[in-house]
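Step one of this worksheet: look at the structure below.
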Amino acid sequence: MKTLDELRKIREKSQQKITLGESNNRVKIVVGMGTSGIALGAREVMKAIIEEVAIRNLTDVIVTQTGEKGLSSMEPVVDVIEDGKPTITYGNITPEKARKIIAEHIVNGKIVNDFIVTMLN
Amino acid sequence: MYEDILKKYSPEKENLISILHDIQNSDPQNYVSEEAVQEVSEYLNVPLSHIHGVLTFYTMYSTKPRGKNIIRLCESPPCFLKGSENILKKLCEILNVEVGETTEDGIFTLELCACLGVCGNAPAMMINEDVYGNLTEKKVEQIIIDIKGRA
Amino acid sequence: MKSKSHIADTHKYNFNYENRVVLKNSGIIDPENIEEYIGVGGYKAWEKVLTQMKPMEVVEEVKVSGLLGRGGAAFPAGLKWSFTAPLKAEQKYIVINADEGEPGTFKDRLIMEGDPHKLLEGTMIAAYAVGASKSYIYIRGEYTLCISRLKKAIVQANEYGILGENIFDSGFNHEIEIKIGAGAYVCGEETALIESMEGNRGTPRSKPPFPGVEGAWHKPTVVNNVETIANVSAIINNGADWYKTLGVEGCYGTKVYTIMGDVELPGLCEAEMGTSLRTIINKYGGGMKNGKQFKAALVGGAAGVFLSNEMLDVKMDFNTLKEYEAVLGSGAILVMNEDVDIVEMLWSVIRFFRHESCGKCNPCSNGTTVLYNLIDKIRKGKGKEADLDELIRISEAMFLTSFCALGQSPLMPIKSAINNFKEDFLTKIK
C-alpha cells in the first residue's frame, strides 16, 4: 500500500531508471516480448542475451522486456538504450544476431548497421 | 476428481467458462468429459443442459478426446490472403489427418480457427498456448518435427 | 535482406511515436513492472480525478473531448457514460470489451500486452465517473499473454493501493476482475459479451434495455472497447481541448490501424484521425510489397468494406468514410495487390460469418449459409450474373431483419466487393 506522496517519489525515481540516470548501469537492452515477437523467437533471443551478458560478466548492463511496437515484420525486436545516445532498434533478431550485438555494440561500442531498423533520439 | 479446480472458484454460474477452461487444460486429452460436466453441474447447481449448451457453443472447448497438442490454424481473410490454405494442405499431409481429426499416435489434433490477432505475421497458428507466425510449408514441417521430438 | 538494409539506410520505417496516444508506452516500458508505468506519468490522471475532480466533471471532460468508441460503432464515449452516471443503483459495472475478434485487428492486444496499466487506469477513471465499484475486463481466450499480463497488473495495482478499498483516502473503492472468453466472435457484441460473462452461451440480448441501464446481472453497465478506454488518461491529463487538436472536426484523436496483407512492412501504426489510406500504406506499411500494384483494401475487418484505388486519398475517419458508404470499423486494413481475386477474398469473408453466426436468429444463421452457398458456387465457376443480385438482396434482408450486428455485417463487404470489383465476379461467371 502506497500513499500519493510515495507514488510521486516512485515516479521521480523510475523516471531516472528509464533514462539510466545516476544508476551504475551503462546500457539497457530491451527485448520486445509481445505475441508476435515471441511467435518469431523472442524468448530464445532473450535467453541468448541474458546468457551472453552473464558469460561476459557485463555488470553495467541491464536486460528487460517490453511489449510490441507494432513492427510485426521486424520481430523479434531489440532496443539498445544508452545515456546521451540515440536509442538503436534492431530487427529480425535471432540468438546468433543477439550475441553479435553484445560483442560488437555493447562491448565495443560499434553499432551493427546490418540489423538496424531505426534510431530514435 | 476435479475438486482441486472447482475449489478455486466460488460456486457461481459466472465462473463456468473459466472452470471449463481449467478442466480441459488439465485433461491429457484436451477435452471436457461427461464426468466433468456432471461434477461441475453439481458444484455450480446448474443444469447439465446448460453446461452442454455452453460447451458446444464455444469453439475452444471439445466434448470428445483430442490429441496432446491442439493445432489451431487461422483461416480468417488476412491469413487466407497469405496462403493459409497451402499450410492447411501441408499439415493434413504430414499429419495424415483431416481437419478436426487426431493423429494416430495421439500427439496432434488439427483444427481451424478464426483470427488470432497476429495478422502482421500471417499465416499464423497456435499450438496449445504458443503462437507461430510467418508460416511456410517448410516451417510447419519443422515445427511438427520439433514437437514430436519433445513428445 | 535487401529491403531491410534499404530501410535502415533511408529510415523508411516510420516509428511514429510522436503521434501516439494510446500506444505511447507499448514497446517502450516493461509491461510487467508497474513502476515503469508510473515513471512515464502513469496513474497521474487517476490521482487527478480522485483528488481534484467530481465524477460528473470527469464525464463532462470526456464528453467535451468528443472521444468516439473505437470498437467499430463510434458511439460517443462521454455520452454513454452520461446515461449511466446519474442512475441510482446499488451496483453499477464497467465492462471492458477485450474480445478482439474482428479479422485483421490486433490493436487491443498490443495495448493489453504492452501497456496493461494504461487500460487499468482508464477503466478506473470510467468507474469513478459513473460510480461503479467493480469492473470486468472480458478477454478472448486465445489472448493468453494479455490475460497473464493484465492479471499481473491488477495484482500490482492492488499492492500499491491504486486499486482496492478507500483508494488514497478518497473514499472510493474499486475492484477489477478478468473474465475469459472461449472462442466466439459474436461475444464482441456487447450484450452477447455480457451473457458470456455471466456464464452463458454468448448470444445477444434484445435492446432496449441498453446495458447502460440494464446490463450485467441486470445492473447498469457501461461497455467500452480497450482502445477507447486507453485514450481516457491522456484526455484527463491534457484536457479535452488538447485532445481536439488531434484528428479532424467531429472525429478527434488518433486511430490505431493494423496494416497487413501485400505491404512491405505489415504491422501497426497510430495516426491522427483523417489520415488517408495512401499515407497509411506508404508511410507506415512501407508501400506495396515487391512493387506490385494496389488493387483493394478490406478496411474494418470482415465486417468492413472492399475499397478500390479511388478511395486511396479519402480521409480515414468515421464520418468521412460514412459519406462514401464505407466504414472505418476496427481500423484493420488488409491490403491486396493486383494478383488477388476479390471473389476468393469475399468467399473467405462469408465463410467467416457462416462459421461465427451464433444461431440465435434465423435471418443470420440461415442467411450466412445461403450466402456461402452462393459465393461458393460463383467461386467454382458455376454462378450466374443473377447470383450477384441475390447476394446483395439476401444480405440486405439480413441487414434489416437480423437480431444483432453480426447478421447485419455481411452487407458491407458483399456490396462493396460486387460494386467496386464487378469484373472479378463476371470473369468467374462467364
Side-chain angles (χ1 to χ4, degrees), chain B residues 9-22 24-25 32 40 44 46 49-62 70 72 74-85 111-126 128-131 133-134, chain C residues 100-110 136 140-146 178-187 196-203 216-217 258-262 265-268 298 301-302 304 332 334-336 340 344-349 351-352 355-356 358-359 413:
Chain B
Y9 296 93
S10 63
E12 280 164 77
K13 193 183 68 178
E14 62 170 290
N15 293 321
L16 176 59
I17 288 175
S18 293
I19 290 172
L20 294 177
H21 271 305
D22 283 4
Q24 177 162 287
N25 292 341
V32 180
V40 174
L44 296 181
V46 164
S49 60
H50 181 87
I51 299 176
H52 279 289
V54 167
L55 266 179
T56 51
F57 182 82
Y58 296 97
T59 55
M60 289 178 84
Y61 299 132
S62 177
I70 312 297
R72 309 176 75 229
C74 174
E75 61 163 355
S76 285
C79 282
F80 176 74
L81 178 72
K82 287 299 195 180
S84 59
E85 303 280 297
E111 293 181 358
L112 290 172
C113 68
C115 187
L116 295 169
V118 279
C119 324
N121 304 101
M125 66 178 179
M126 263 180 117
N128 307 326
E129 300 215 328
D130 294 324
V131 176
N134 295 351
Chain C
E100 184 171 61
E102 192 61 54
T105 311
F106 49 98
K107 61 188 181 72
D108 297 343
R109 174 173 71 73
L110 259 78
Y136 292 93
R140 61 186 300 210
E142 294 89 343
Y143 276 6
T144 49
L145 191 59
C146 295
I178 304 283
K179 286 280 179 190
I180 301 170
Y185 169 74
V186 70
C187 290
S196 182
M197 246 177 57
E198 293 182 5
N200 305 323
R201 291 163 72 96
T203 54
W217 297 283
T258 45
I259 321 161
M260 72 225 86
D262 296 324
L265 304 168
L268 169 152
L298 177 60
L334 176 60
V335 178
M336 290 157 259
V340 175
E344 287 291 299
M345 292 310 296
L346 185 62
W347 175 80
S348 166
V349 165
R351 176 176 64 172
F352 171 79
H355 184 262
E356 296 300 337
C358 80

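All values below come from the heavy atoms of this structure, side chains included, with hydrogens, waters and symmetry mates left out. Proteins get letters first, then strands, A, B, ... in listed order; numbering begins at 1 in each.
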Which atoms of C:V340 come close to chain B, meaning under 4.5 Å heavy atom to heavy atom: side chain ones, backbone ones, both, or neither? side chain
State the CD-CH2 distance between B:E12 and C:W217, to the nearest 0.5 angstrom. 8.5 Å
Winner by heavy-atom pair count (cut-off under 4.5 Å) against chain B, out of C:N200, C:V349, C:L334: C:N200
C:G202 backbone acceptor or donor facing B:Y58 side chain under 3.5 Å: yes
I'd like to verify something: which residue of B:L116, B:L16, B:I51, B:L44 has the highest number of heavy-atom pairs under 4.5 Å with chain C? B:L116
Identify which part of B:V46 has an atom lying under 4.5 Å from any heavy atom of chain C, answering side chain, backbone, both or neither. neither
For the residue pair C:P103 and B:P78, establish whether any side-chain heavy-atom pair is separated by less than 4.5 Å. yes
Counting heavy-atom pairs under 4.5 Å to chain B, which of C:G101, C:A182, C:S348 comes out on top? C:A182
Given heavy-atom pairs under 4.5 angstrom as the criterion, report whether the side chain, backbone, both or neither of C:E356 touches chain B. side chain
Check whether B:E85 gets within reach of chain C through its side chain, its backbone, both or neither, counting any heavy atom under 4.5 Å. side chain
Test your reading of the model: is there a side-chain donor-acceptor pair from C:R351 to the backbone of B:E75, 3.5 Å cut-off? yes
Restricting to non-hydrogen atoms, name the atom on C:E344 and the atom on B:F80 that form the minimum distance, rounded to 0.1 Å. O-CE2, 3.3 Å
Contact origin within C:F352 toward chain B - heavy atom pairs under 4.5 Å: side chain
Please state whether the side chain, the backbone, both or neither of C:V335 comes within less than 4.5 Å of a heavy atom of chain B. backbone
Measure distances from B:A114 to the heavy atoms of chain C and classify the residue's part below 4.5 Å as side chain, backbone, both or neither. both
Do the side chains of B:I17 and C:S196 get nearer than 4.5 Å, heavy atoms only? yes
Just wondering, do B:L112 and C:H355 contact through their side chains at under 4.5 Å, heavy atoms? no
After noting the C-alpha distance and the side-chain angles of C:V186 and B:F57, does the key distance pass the side-chain contact (heavy atoms from CB on, under 4.5 Å) rule? CA-CA 11 Å; C:V186 70; B:F57 182 82; 3.9 Å; yes
Toward chain B, the part of C:C358 with a non-hydrogen atom under 4.5 Å: both
Measure C:M197 against the heavy atoms of chain B and call it side chain, backbone, both or neither at under 4.5 Å. backbone
Turns out that what part of B:K82 lies under 4.5 Å from chain C's heavy atoms comes down to side chain
Looking only at C:R201, C:E100, C:K179, C:M260, the option with the highest number of non-hydrogen pairs under 4.5 Å against chain B is C:R201
Picking from C:T105, C:L346, C:D262, which has the most non-hydrogen pairs under 4.5 angstrom with chain B? C:D262
Taking B:S76, B:P77, B:A122 one by one, which has the highest count of heavy-atom pairs under 4.5 Å against chain C? B:P77
So, the part of C:D108 with a heavy atom under 4.5 Å from chain B: the answer is neither
Distance (rounded to the nearest 0.5 Å) between C:T144 OG1 and B:N128 CG: 10.5 Å
